[in-house]
Structures are given as structure tokens and as C-alpha cells.
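Remarks on the structure that follows.
Given the structure is predicted, the values throughout are model-derived calculations rather than measurements.
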Amino acid sequence: MKNDRNQFIHQTTKAALITTVALALMLPGGLAAADASYSSQGIVVSASAGLGAAAATADPAKAKVTQEQAVAKLRELFPALKDAKISNAQIGTGNSYPVNPNQLVWSIQWEYQIGSTGYGFSSEVDAITGDVISTYLYFPFMQADNYYPPKVSRAEALEKARNFIAAAAPSLKNSELEVEENTWMNESALFGPVQYSFNFMLLTNGLPSNSDSIRVTVDGNGNIIQFNKSYFGREYPSAKPAVSKEQAEKKFKEGFDIALYYTPIYKKGVVDSWVLSWRAQEEALYTIDAQTGKRIDYEGKEAAPTPVVYEAIPAGKEVFQPVNTGKELTVEEAVKRVKQVATIPANRKLVWQTLNANYQSGKQKVWTLGWSDTAEAAYSGMPGRTYAEVNATTGEVIQFQIEQYANPADIKTQQPVAAGTKKLSQAEAKKQAIQLINRLYNGAGSNLKLAEHGGTWSVLPEGNGYRYQFIRYFDGIPVSNSIVSLELDSYGRLRTYTNYGYSDFALITKQPAPVVTKAEAMQKYLNTYILKLQYNLIGGSYGTSVHVEPKVKLVYVPQPADTSKPYEVLNAQTGNWASVYEMYGQVNTSASAVDVKGHAAEQQLNELLKYGVITPDADGKVYPDQEITVGEWINYIAKASTPYYTQYFNMQDRKTIAGVSTDSPYYDAVNFAVSRSWLDKDAVIKPEDKLTREELAVLVSSFLKYSKLTGFLGNDNTVTSFSDSASITNKGAVALVVRLGLLQGENGKFNPQQYITKAQAASIIMKLVELQGKTDQPIGQQ
């Protein structure tokens with residue numbers, strides 16, 4: 001098998017960059033160092049230098065918009081802020097990372113008091129242009145009666161979003177905005193306030209950028225509740241490419257390649273299974289520089305002309321030995337395991353140790369350990385801290401960071417070494433890395449290969465050390481999403497180690513030889529991609545030790561022709577596309593089923609389809625007249641409330657609840673219902689039984705939190721007037737659902753033991769949805 005590049009080699013490092021940016025955006029302005037401050041009308045106002053060592057110094061004298069003007073504009077645009085008070089105002093470079101060197105920002109912190117409860121909000125306004133940068137309104141402003149059916153349609157909400165942008169960011173022209181059309185929108189659940197979210201790309205010279213965008217959220221009443229404008233202010237090159245689109249497409253097709261991989265399929269937020277798939281190679285999806293025609297890798301460098309070589313790992317003298325006692329490690333034993341492979345700075349003491357379920361797999365326990373010193377580190381105002389994770393069953397170190405809070409641009413020094421210690425050469429560092437991976441990873445010699453990039457790729461900037469990537473293999477085939485990364489300092493000591501996905505690797509089973517040929521798969525793949533000319537902000541932080549100064553380039557970007565689809569790979573056995581990730585909490589406006597049209601409950605069924613509460617089978621059918629089970633009903637209302645509810649319990653120790661065992665397909669739904677008090681944990685539920693009308697009445701009463709109220713309705717004439725009233729056990733629950741219009745009698749009977757069909761369930765759910773805002777407490781959101 002020829003050497004392959006793994007499409008996900010940089011996934012971990014890209015995730016680290018995203019996390020760094022996300023954290024930077026969430027940091028309150030007060031965390032940034034201030035170089036001048038004063039007080040005005042009781043409000044703390046400071047000139048902030050921004051985040052990190054790379055931040056530009058803010059010069060308040062350049063402001064063209066005063067604090068008062070910024071506040072007045074925000075109150076005008078967001079009437080909900082009329083009675084809010086300002087607790088803090090700062091002028092600086094803002095909380096974005098990388099810092100926008102051409103932007104001066106007013107950061108406004110709001111407080112809103114209701115009784116003894118206070119709520120905090122934040123806003124940012126450009127102090128030069130007057131454009132609003134961000135405002136987020138949360139509870140209690142999102143509790144209005146904007147339920148189903150909403151007062152404004154999606155089309156009307158889009159128009160309101162456009163009008164709001166014109167008022168909030170007048171420096172932009174409407175021609176500079178391009179709405180991202182995507183049928184899968186990350187919006188509200190069926191139960192809960194209606195929200196419409198729109199993402200607009202900002203056009204520069206008529207072209208979009210991967211970094212400059214505006215996101216607007218509109219509630220069902222037409223109010224703007226969230227606004228965020230991301231703009232990094234970098235210099236943009238000409239929009240005229242030296243390489244034509246035809247030339248770029250030719251290069252893309254010539255360089256496009258696929259290979260066999262074992263790919264994980266995620267269900268409920270965790271790996272459910274693995275498929276042998278044909279998948280695009282990493283370099284095949286690199287962007288193409290529109291001026292040079294060269295491919296650009298994920299670190300913004302010109303891609304190497306030769307592929308990565310995957311080298312076998314020779315067995316070391318010392319190899320990892322798993323613990324076989326059958327008992328969980330003590331914290332002392334976990335610490336010892338870390339110190340066998342890494343050096344903890346002498347001035348740091350163990351200050352944090354917890355034993356928790358592994359976030360990647362709730363069935364495994366992991367020790368998380370933190371060593372800290374008393375002095376503050378030189379970066380980000382954080383204390384110096386070393387971090388590690390250790391598998392409490394096997395003793396395997398799965399994560400290690402010598403500096404947990406460090407950013408690549410901040411690290412300038414290394415830990416002290418003994419006198420006479422020599423720095424390692426590149427060749428010596430490679431030998432040290434191979435020795436370490438044998439001691440760190442169970443079966444490294446047979447399960448991993450070293451990704452040798454060649455040249456000086458492994459050498460970290462400024463002589464800070466070396467980096468290495470190891471790719472997992474199974475049965476001679478590489479495994480997607482299975483990168484093991486290791487960094488050494490220049491003296492060969494472990495700096496970072498990441499072993500993501502290790503808990504899922506054991507789920508892989510050997511698959512038969514592929515039925516689909518590479519040529520057949522190649523043709524299918526080429527038909528799924530198009531090239532788009534756009535600007536890309538390339539650079540930032542990659543991993544923990546590489547920082548590339550961000551720069552905007554004009555590029556051709558390979559992207560799926562159909563952006564409404566989730567990420568897919570081609571099953572090498574069936575030739576069908578397999579979705580790698582479930583689409584949680586998203587609305588599919590194009591959802592449909594072949595056996596719904598013309599049905600009496602067509603509208604209700606289509607709403608449940610659109611929100612993912614029910615899904616068609618492989619033949620596109622939902623079987624609306626099929627009788628449902630108790631478990632199916634509970635699953636429906638859970639999905640209608642929280643589409644991603646199954647992710648809530650990934651880290652939880654699973655045990656029988658409400659009489660339902662952990663191997664039941666309805667376990668997660670019942671567990672969620674118990675957590676919301678829709679069911680009593682001590683009840684005995686039989687989820688596989690068909691659902692009767694009386695059982696549905698009881699479940700709906702509990703869902704609405706009216707179970708106690710039903711105790712007063714046992715003699716209500718609504719239920720006693722039924723000719724079969726004597727056969728109804730839970731008369732109060734039946735009286736409640738009849739009075740609410742959720743169920744009705746037929747020919748003077750209630751028919752309590754009659755089974756509920758899927759169409760009837762859809763109608764009842766939609767009646768519950770329409771009741772939102774008309775009851776004394778929220779429905780499905782408690």
C-alpha cells in the first residue's frame with residue numbers, strides 16, 4: 001500500500017486554534033492588562049491593551065465615537081437594554097484573537113436586575129466607525145411569547161436581519177453581504193421560543209472571506225436578540241487571480257486522491273461504529289493559491305511536493321506495560337505514571353486531582369491532574385500549570401501539557417536544565433521521540449506509524465524543540481481521527497502529548513476487502529466538490545508550539561457542491577455515502593416522507609420531520625398509521641425538547657432507571673425524561689409496550705408538570721360523562737388532556753385502551769407546541 005496522508009493530521013491542531021479563539025472571545029475585557037484607567041459616572045473605564053503578548057496597544061485618542069454615543073446606539077438598537085445599567089466600559093483592541101490592528105473597541109458590560117436576581121450582558125462597538133461588533137441578550141429577554149406559530153416567518157426574519165445590519169453597521173453596504181444559504185440551520189427545538197439564525201459573509205472586492213462574517217439571531221416576534229460581526233482587519237490583496245478557475249480545477253483534479261481508511265461513525269456524540277471507507281487525502285483538499293497555483297497546507301505554508309512517508313516504529317527497550325490489578329489506580333499511582341515519562345517543573349505542586357468518567361467514553365475512568373506554582377506566568381495572566389490525564393484502569397498517560405495555558409506566541413523560554421546538558425540534534429530528537437512513544441502508547445510498534453514530513457517540519461520555531469505525529473493503523477489500513485501527537489523541548493523532555501480517540505480504537509473490527517474500486521470511488525468524489533474563489537485568513541496557532549502570523553490570501557477553496565449535507569465518506573463495501581456525524585439541534589426544511597402526502601395529519605407529521613423528531617426509513621417512509629410504543633413517545637417529546645438530548649449522559653455511569661435497563665434502545669430517552677422530572681425515577685416503565693390513550697394522558701400530565709393537579713379532576717364531568725368512564729383508572733389525567741383539547745372522545749367513549757398511532761402522536765405534540773405561552777409554565781423546557 002502506498003504512503004497516504006491522513007486528512008485529519010491537523011484536526012487536533014485546528015481544534016486547538018478554534019478553542020483558543022473561542023476562549024479569547026469569551027474573556028471579559030477586565031482580564032486584559034490596562035495601561036490607563038479612570039472613573040466616569042461610577043463606571044470603570046480603561047484603555048485595554050487586548051489579549052496576549054501580540055496585542056496592539058490601544059490609543060483612546062483615535063476614537064471617533066464616544067462612550068455615550070456607543071451606549072445610546074446600543075439602547076436604540078436593542079430596546080430591551082433600556083432599563084439595563086452599565087457596570088463597566090473599556091476602550092481597547094477588543095477581545096478577538098488574533099487582534100485586529102486597525103480596530104478600536106468600546107467594550108460595554110450591562111447589568112439587568114429582576115428582584116434579587118441579576119443578569120449580565122456584553123456589547124462591543126467600534127470606536128472609530130460606530131459599527132456594533134457584538135451584543136448577546138440572554139435570559140430574561142428570550143422568554144417572550146415567541147412560540148409556535150411565530151409572528152414572523154423565516155423570510156420576514158431575514159428581511160429584519162438585513163435591515164438591522166444596515167442600522168447596526170452603517171459602514172457596510174448591502175452589496176457587501178452574502179447570506180449563507182443552507183437548509184440545515186442551527187435553530188430552536190420544536191418546544192421552546194422560535195429563533196432564526198442567519199450567517200452573512202462579508203464581501204471584500206466582491207469576494208467572501210473565511211474570517212469576516214456577521215451572525216444575526218431573530219426571535220419569533222421579530223426582535224434581534226444576538227448580533228456578532230467578526231472582522232480581523234487584515235490587508236486584502238487584489239481580487240484578480242493570476243491563475244484562472246479552469247487552471248485551478250485542472251490542478252485540483254490532477255492532484256486529487258483518495259485512499260482506504262477506517263472511519264468512525266458518530267451517534268449520540270460518541271463513536272458508534274467504524275466503516276471501511278474511501279476518503280479524500282489531506283493534500284487533495286488543500287486550498288490553491290490563486291496567484292501562484294501552489295497548494296497551501298493548513299499552516300499557511302506551500303505544501304510539500306512529496307507526500308508524507310509513514311515509517312514503522314521499531315520496538316524500544318522499554319515499552320508501555322498496562323496495569324493488570326483489576327483495580328483503579330490511586331492518585332499517587334497516577335502521578336507516578338506521569339513522572340515516569342515526563343518531568344514536572346520543580347516549583348510546581350499537585351493542587352488538583354479528580355477521578356471522572358472519560359469524556360470520550362463514560363465507561364472508562366480518568367485521573368485529571370494539575371500541578372501549579374504560586375507565581376504568575378508571563379503569558380495571559382494565568383498561573384504556570386502542568387496538566388495530565390491518566391487512564392485509571394490501565395495507567396496509560398493520555399494527555400500531558402507542560403504549560404497548560406500557554407499560547408505558541410507566548411512561549412519564549414524553556415524549563416531550566418542541569419549544567420552541561422546538551423541540546424539534541426534533529427536526528428537525536430527523533431530517536432528520543434520513538435523511545436518515548438514506545439513507553440507512552442500501548443503496542444506502539446504494531447499500531448502506530450510515524451508521519452515523517454521531511455525537511456525541518458519537525459523543528460519548532462525559535463529552537464524551542466521538536467514535534468512528531470503518529471498515525472494509528474488497523475490491519476494495515478490507516479484510521480481516521482486517530483492522531484497521536486508528541487512534542488519535546490530541545491533537550492528531549494516531553495512538552496505535550498495528546499492521544500485523542502484512544503478509547504474508540506478498540507471498537508474497530510476487520511472488514512472484508514472493498515467491493516468498490518478506487519476508480520469508481522474517485523469518480524464519485526470528484527463529482528461532489530467544486531472550487532470557490534475567496535479570501536482566506538491563514539495563520540494563527542497550531543497545536544501548542546507553532547504560531548503563524550495571520551495573513552489574507554486569495555485562494556481557490558475545494559468545498560462540497562451541496563453544503564446542506566453533513567460530512568460524508570464513501571462506504572467501500574456498499575458504495576453508499578455514510579454520514580460521519582449526526583446533525584444535532586438542526587432544522588431540515590427539506591425533510592419529507594413518501595407516505596405522508598394526503599394524510600389527515602400531513603402538516604403535523606411534516607413539522608416533526610422538519611425538526612428531526614421523526615425520521616423516514618431507508619425507503620423514505622414513516623408509516624403514519626403505525627401504532628407506537630411508550631418508549632417511542634418518550635423519545636419524541638425528548639427530541640422535540642432537546643434534539644441532542646442523548647449527548648447529555650455520555651459521561652454518566654449508566655444504571656437501570658425507572659425500570660429500564662441500559663441496553664434498551666429507549667434508555668437515553670427515559671433517562672432524559674427522569675432528569676426533567678417528566679417521569680419518576682422509581683416508576684416502572686415498559687418502553688416496548690404499545691402506548692394506550694390512557695397511558696398517553698398520564699405521560700402528558702407528567703410532561704406538563706400537572707400530575708398533582710390531576711388529583712383534583714377525578715370527578716370532573718369531562719371524564720365522568722364518558723360511557724366507558726368506569727374503565728378509566730387515571731380519570732384526572734384523562735380529564736386534563738380532554739380539557740386542553742389534546743385528546744377527544746368518540747361516540748361518547750374515551751376508549752382508554754385504544755393504541756396511539758404515529759400520526760395521532762404527531763397531532764398531539766403539535767397541539768402541545770401550540771399551547772406554549774398559554775400555560776403558567778414553559779412546556780418541554782423545564
Side-chain angles (χ1 to χ4, degrees), residues 9 12-13 16 308-321 335-348 369 371 373 377 384-390 395-404 406-408 410-445 447-471 483-499 542-547:
I9 280 181
T12 299
T13 54
V308 171
V309 175
Y310 289 97
E311 297 181 355
I313 298 174
K317 294 180 180 179
E318 296 181 63
V319 296
F320 174 79
Q321 296 294 333
V335 168
K336 183 178 179 181
R337 283 279 175 161
V338 175
K339 291 184 175 181
Q340 286 174 349
V341 293
T343 301
I344 309 299
N347 62 324
R348 294 183 183 172
L369 309 170
W371 293 262
D373 57 30
R385 178 159 155 172
T386 299
Y387 175 83
E389 294 178 13
V390 181
E396 188 172 6
V397 176
I398 51 180
Q399 304 290 330
F400 179 79
Q401 290 175 280
I402 193 72
E403 298 291 355
Q404 184 180 7
N407 288 322
D410 298 324
I411 301 176
K412 303 299 181 185
T413 61
Q414 300 191 50
Q415 295 295 328
V417 295
T421 305
K422 295 182 179 180
K423 292 185 176 181
L424 300 183
S425 67
Q426 188 174 347
E428 291 170 333
K430 181 177 177 180
K431 290 181 180 179
Q432 174 70 357
I434 291 173
Q435 290 176 4
L436 259 177
I437 200 65
N438 272 294
R439 295 167 58 196
L440 282 162
Y441 192 92
N442 191 14
N447 295 322
L448 298 179
K449 289 188 178 181
L450 172 64
E452 181 55 73
H453 294 256
T456 59
W457 182 91
S458 63
V459 181
L460 293 174
E462 300 185 29
N464 278 327
Y466 304 89
R467 59 174 173 169
Y468 301 92
Q469 292 172 333
F470 301 88
I471 314 301
I483 307 302
V484 180
S485 300
L486 181 153
E487 290 182 1
L488 307 176
D489 69 11
S490 57
Y491 297 95
R493 295 171 299 186
L494 187 65
R495 283 181 49 167
T496 69
Y497 176 70
T498 58
N499 183 5
Y542 298 86
T544 59
S545 301
V546 176
H547 178 79

### Query
Is any side-chain heavy atom of Y491 less than 4.5 Å from a side-chain heavy atom of L424?
no
## Note on the structure
Nearest heavy-atom contact between S425 and Y466 is C-OH, 3.5 Å
### Message
For the backbone of G465 and the side chain of S490, can you confirm whether one donor and one acceptor N or O come within less than 3.5 Å of each other?
### Response
no
### Task
Nearest 0.5 Å please: distance from the CG atom of L448 over to the OH atom of Y441.
5.0 Å
#### Entry: Straight-line distance of T496 OG1 to Q401 CD, nearest 0.5 Å
7.0 Å
### Query
Which value, rounded to the nearest 0.5 Å, describes the distance between S458 atom OG and L486 atom CG?
11.5 Å
### Message
For a quick check under 3.5 Å, do R493 and T343 share a side-chain donor-acceptor pair by atom type?
### Response
no
#### Entry: pair R495-N464: side-chain heavy atoms closer than 4.5 Å
yes
### Query
Heavy-atom distance under 4.5 Å between the side chains of W457 and Q469, does that happen here?
yes
### Main-chain N/O of V341 paired with Y497 side-chain donor or acceptor, under 3.5 Å
no
### Task
Measure the CD1-CG distance between I471 and N447 for me, rounded to the nearest 0.5 Å.
13.0 Å
### Task
Could you pull out the closest heavy-atom pair between L436 and G492, with the gap in Å?
CD1-O, 4.4 Å
### Task
To the nearest 0.5 Å, tell me how far W371 CH2 sits from I344 CD1.
4.5 Å
#### Entry: Presence of salt bridge, E311 and K430, under 4.0 angstrom
yes
### Query
Taking the inter-plane angle between the rings of Y468 and F470 on a 0 to 90° scale, is it parallel (under 30°), tilted (30 to 60°) or perpendicular (over 60°)?
tilted
### Task
Compare every heavy atom of L460 with every heavy atom of E487, then report the nearest pair and how far apart it is.
OE1-CD1, 4.4 Å
### Task
Write down the atom of F320, the atom of L440, and the distance for their closest heavy-atom approach.
CD1-O, 4.0 Å
### Task
Could you grab the distance from atom CZ of R439 to atom CD of Q321, nearest 0.5 Å is fine?
12.0 Å
### Query
Q404 side chain to Y387 main-chain N or O, any donor-acceptor pair under 3.5 Å?
no
### Task
Can you see which heavy atom on S485 is nearest to which on I483, and at what distance?
OG-CG2, 3.7 Å
#### Entry: Nearest non-hydrogen partners of T386 and P345, listed with the distance
OG1-CD, 3.5 Å
### Query
Do P314 and I434 touch side chain to side chain, with heavy atoms closer than 4.5 Å?
yes
